[in-house]
Amino acid sequence: MKRTKINNLLKLENTPGDVLIKGWVRTKRDSKEFSFMEINDGSALKNIQVIANSNLDNYSDIEKITTGTSVSIMGKLVESPGKGQKWELQAKNIDIINIAPESYPLQKKRHSDEFLRTIAHLRPRTNKYGAAFRIRSEMAFAIHKFYKEKGFRYLTAPLITGSDAEGAGEMFRVTNLDPKRVKKQGEMNFDQDFFGQESNLTVSGQLSAEMFALALGDVYTFGPTFRAENSNTSRHAAEFWMLEPEMAFCDLNGNMDHGEELVKYLTQHAMDECSDDMALFSNFVDKSLKKRIDTILNSEFERISYTEAIDILQKSKKKFEFKVDFGTDLQSEHERYLAEDYFKKPVFLTNYPKTIKPFYMRMNDDDKTVAAVDLLVPGIGELIGGSQREERLSVLDKRMDEMNLPKKDYWWYLDSRKFGSVPHSGFGLGFERFLMLITGISNIRDVIPFPRTPGSIDF
RNA sequence: UCCCCAGUAGCUCAGUUGGCAGAGCAAUUGGCUGUUAACCAAUGGGUCCGCGGUUCAAGUCCGUGCUGGGGAGCCA
């Protein structure tokens with residue numbers, strides 16, 4: 001008999017008679033003459049209740065079944081006379097695949113997130129993490145669906161790069177030199193390294209995406225990104241996934257339109273396709289989640305300039321630890337105030353001072369600000385960071401000189417401005433931060449299967 | 001990297017002025033009427049994070065290290 005997944009069983013209107021399920025026992029309740037078991041196979045949040053009567057031949061073995069045990073069960077799907085579930089399975093045959101001994105760490109009770117992080121290999125077997133990772137999977141799919149529908153092309157940017165001057169923070173070195181030998185020589189000899197020069201793990205696929213946007217029109221990259229910053233916060237990881245759309249013939253407003261449409265589309269998709277899993281988060285993880293999602297879906301995101309934001313912050317009665325002045329980057333407390341207290345919804349901040357932004361952002365006419373855009377969202381802070389790119393070769397040239405960038409390393413990037421340059425825009429969206437936004441999970445370590453953070457690379 | 005907090009049974013935590021190591025849940029064993037975080041009873045379970053110090057006496061006080069959490073910076 002062919003196995004039926006539990007999510008499909010639970011959807012049925014009429015009983016198909018006998019079915020075969022395979023999964024893991026979440027809990028067992030014994031009576032004298034029979035046992036109730038709840039089986040979960042990961043296909044859905046919900047379990048199916050199985051009734052094992054004592055007249056089954058291997059009932060003495062069935063009595064020994066513990067939480068975590070893997071089983072294969074054939075039985076008749078019947079309407080449940082008990083409360084709490086529509087269907088239950090009257091077992092005709094129960095095969096125990098593998099008993100989970102008493103040392104199985106997951107109990108039928110709530111565990112702390114901190115404890116579950118220490119058993120990250122088992123935590124997807126819990127309701128909360130199973131739900132989180134089903135949603136993560138569905139959102140990755142939704143990204144591709146969104147871009148397919150919009151006619152974007154998917155580009156895989158290289159993970160190993162030779163350029164290290166993007167200014168996006170510390171990078172992880174990639175080398176196959178023998179550390180013992182390097183120590184003996186006293187220094188790295190990059191000529192002899194695998195690529196014949198210094199190489200690193202990517203901090204962004206943007207520059208690659210720009211080249212492809214200027215060929216295929218609208219493109220996106222979606223893949224892992226690495227930062228060797230010693231960041232110890234609930235919003236940073238050394239390895240995370242970033243979505244980076246890049247659009248030719250697109251200005252800053254088009255960039256924001258796109259970002260807003262994307263965030264709304266993905267959120268709506270999660271609500272439509274993961275309703276049970278999403279309900280778990282709004283019921284048990286974050287009581288304010290429902291309202292937040294409603295705001296994302298049904299409000300227009302605010303759009304203000306950096307200069308206007310400074311004005312709002314300076315006029316605010318709220319006391320800030322750090323002073324705000326034109327030319328300084330906004331602190332966390334300022335970003336949170338704007339998104340959470342002042343506007344109470346996602347806010348695009350545009351046109352930052354050129355002094356605090358990278359070389360590739362397009363210079364505005366005032367010669368003081370650049371066409372940058374950040375999307376600040378309640379609870380997370382920065383979800384999107386992007387810009388309209390500087391497409392004018394002479395302006396880009398001048399900026400790179402000002403910032404002392406080694407132009408010879410960027411010859412190919414500058415070529416794109418030499419040959420048929422066009423206005424174009426793009427941004428990076430932190431995939432994990434987006435998952436935090438829509439689930440209410442407050443630590444980035446809990447939306448990545450096996451998180452990598454400073455001093456921690458278990459599993 | 002900086003600031004703050006925490007570390008006691010498998011898990012979550014209590015532990016008073018420094019004076020015999022505790023609870024709930026889990027586990028094990030038994031009971032039980034269709035249960036659903038089942039219920040009832042019994043039993044077992046400890047490097048009180050490590051190291052050093054103060055003291056007649058340290059889970060408790062002091063120093064130090066490690067680990068975890070919250071916040072800041074960096075950013076997505």
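Just so you know, these numbers use all the heavy atoms, side chains as well, and skip hydrogens, waters and symmetry mates. So that the names make sense, note that chain A is the first sequence line, chain B the second, and so on, each numbered from 1.
- Taking every heavy atom of residues 33-48 of chain A and every atom of RNA chain B, pairs under 4.0 Å involve A/Phe34, A/Phe36, A/Glu38, by number.
- Of the residues in residues 76-89 of chain A, those lying under 4.0 Å from RNA chain B by heavy-atom distance are A/Ser80, A/Pro81, A/Gly82, A/Lys83, A/Gln85, A/Glu88.
- Within the structure, side-chain hydrogen bond (donor to acceptor under 3.5 Å, both in side chains) pairs that include any residue of residues 95-105 of chain A do not occur (at least two apart or interchain).
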Nucleotide N/O to protein N/O under 3.5 Å, stretch nucleotides 27-32 of chain B:
{"residue": "B/A27", "atom": "O2'", "partner": "A/Glu102", "partner atom": "OE2", "Å": "3.3"}
{"residue": "B/C32", "atom": "OP1", "partner": "A/Lys32", "partner atom": "NZ", "Å": "2.9"}
{"residue": "B/C32", "atom": "N3", "partner": "A/Asp30", "partner atom": "O", "Å": "3.4"}

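- Shown for residues 11-26 of chain A: no residue has heavy atoms falling under 4.0 angstrom of RNA chain B.
- For residues 424-445 of chain A, the set of pairs meeting the salt bridge (charged side-chain N to carboxylate O under 4.0 Å, His left out) definition, not counting sequence neighbours, comprises A/Arg136-A/Glu432.
- Residues that satisfy the ring-ring contact (aromatic ring centres under 6.0 Å, His included) test with A/Tyr352, not counting sequence neighbours, are A/Tyr306.
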N/O donor to acceptor pairs below 3.5 angstrom from side-chain atoms of residues 205-212 of chain A, sequence neighbours left out:
{"residue": "A/Gln206", "atom": "OE1", "partner": "A/Tyr360", "partner atom": "OH", "Å": "3.3"}
{"residue": "A/Gln206", "atom": "NE2", "partner": "A/Glu210", "partner atom": "OE2", "Å": "2.8"}
{"residue": "A/Glu210", "atom": "OE1", "partner": "A/Tyr413", "partner atom": "OH", "Å": "2.9"}
{"residue": "A/Glu210", "atom": "OE1", "partner": "A/Arg417", "partner atom": "NH1", "Å": "3.0"}
{"residue": "A/Glu210", "atom": "OE1", "partner": "A/Arg417", "partner atom": "NH2", "Å": "2.7"}
{"residue": "A/Glu210", "atom": "OE1", "partner": "A/His424", "partner atom": "NE2", "Å": "2.7"}
{"residue": "A/Glu210", "atom": "OE2", "partner": "A/Tyr413", "partner atom": "OH", "Å": "2.7"}

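- The stretch residues 426-441 of chain A touches RNA chain B through A/Gly428, A/Gly430, A/Arg433, each having a heavy atom within less than 4.0 Å of the strand.
- Within the structure, the salt bridge (charged side-chain N to carboxylate O under 4.0 Å, His left out) test picks out the following pairs touching residues 5-27 of chain A (sequence neighbours left out): A/Asp18-A/Lys92.
- Every pair passing salt bridge (charged side-chain N to carboxylate O under 4.0 Å, His left out) that includes a residue from residues 331-340 of chain A is listed here, sequence neighbours excluded: A/Arg336-A/Glu340.
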For nucleotides 4-13 of chain B, print each protein N/O atom paired with a nucleotide N/O atom at under 3.5 Å, atom names and distance only.
{"residue": "B/G10", "atom": "N2", "partner": "A/Gln107", "partner atom": "OE1", "Å": "3.1"}
{"residue": "B/G10", "atom": "N2", "partner": "A/Gln107", "partner atom": "NE2", "Å": "2.9"}
{"residue": "B/G10", "atom": "N3", "partner": "A/Gln107", "partner atom": "NE2", "Å": "3.2"}
{"residue": "B/C11", "atom": "O2'", "partner": "A/Lys109", "partner atom": "NZ", "Å": "3.4"}
{"residue": "B/C11", "atom": "O2'", "partner": "A/His111", "partner atom": "ND1", "Å": "3.4"}
{"residue": "B/C11", "atom": "O2", "partner": "A/Lys109", "partner atom": "NZ", "Å": "2.7"}
{"residue": "B/U12", "atom": "OP1", "partner": "A/Ser112", "partner atom": "OG", "Å": "2.7"}

